[in-house]
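Let me begin by presenting the structure, written as structure tokens, before commenting on it.
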Amino acid sequence: VKPVALQIQFSIYEPPSPVFLRWLRSEKILVVAAASLNPNATANLNPMEDPHVQRIAAGHGRTAAQVLLRWLVQQSVAVLPRSRSVQHILENRDLDFQL
């Protein structure tokens, strides 16, 4: 059975190989980002505290999480952010801007 989606670790610090991504797309396999906002999954670097991400977020009037998620969406990657905060859940769905 051919898979239709593959959930992989995908963040600004640890993106998958471009060759691998091209192969997945050529096979019509959807890429789903896992742990893209989790600092424990990115060598203990918190992407939401990255000064470059914060500067971009401020320039767009968005949160760092929104910028990181939007970056993934613009890479044609599905995102599954999670949060216990209603405010963060609402922010995570508001990705209608371009980087």
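Predicted model only: the values in this text are computed from it and were never measured.
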(request) Could you grab the distance from atom CG of Leu68 to atom CG of Leu95, nearest 0.5 Å is fine? (result) 10.5 Å
(request) Find out if a path of hydrophobic residues (ILVMFWY) with successive side-chain heavy-atom gaps under 4.5 Å connects Val32 to Trp71. (result) no
(message) Looking at every non-hydrogen atom in both residues, tell me the closest pair between Ala57 and Ala64 and how far apart they are.
(response) CB-N, 3.8 Å
(message) Test of understanding: clusters of I, L, V, M, F, W, Y form through side-chain heavy atoms closer than 4.5 Å, transitively. Do Leu30 and Leu6 belong to the same one?
(response) no
(message) Does atom CZ (Arg25) have a neighbourhood of more than 12 heavy atoms from anything else shown, all under 6.0 Å?
(response) yes
(message) Is the shortest side-chain heavy-atom distance between Asp94 and Arg62 below 4.5 Å?
(response) yes
(request) Find out if a path of hydrophobic residues (ILVMFWY) with successive side-chain heavy-atom gaps under 4.5 Å connects Val79 to Ile89. (result) no
(message) Can you give me the closest heavy-atom contact between Glu49 and Gln54, atom names plus distance?
(response) CA-NE2, 3.5 Å
(message) Once rounded to the nearest 0.5 Å, what's the spacing between atom CG of Asp50 and atom CE of Met48?
(response) 11.5 Å
(request) Would you check if the side chain of Glu91 reaches a backbone N or O of Gln66 as a donor-acceptor pair within less than 3.5 Å? (result) no
(request) Look up atom CD in Gln87 and atom OG1 in Thr63, then write down how far apart they are to the nearest 0.5 Å. (result) 9.0 Å
(message) Working to the nearest 0.5 angstrom, can you tell me the gap between Lys2 NZ and Glu27 CD?
(response) 4.5 Å
(message) Hydrophobic clustering (ILVMFWY, side-chain heavy atoms < 4.5 Å, transitive) - are Ile8 and Leu80 grouped together?
(response) no
(message) Please check this pair: side chain of Gln9 against backbone of Ser36, looking for a donor-acceptor N/O pair closer than 3.5 Å.
(response) no
(request) Compare every heavy atom of Ile29 with every heavy atom of Pro3, then report the nearest pair and how far apart it is. (result) O-CG1, 3.6 Å
(request) Assign the ring pair Phe97 / His60 to parallel, tilted or perpendicular, where the plane angle (0 to 90°) is split at 30° and 60°. (result) tilted
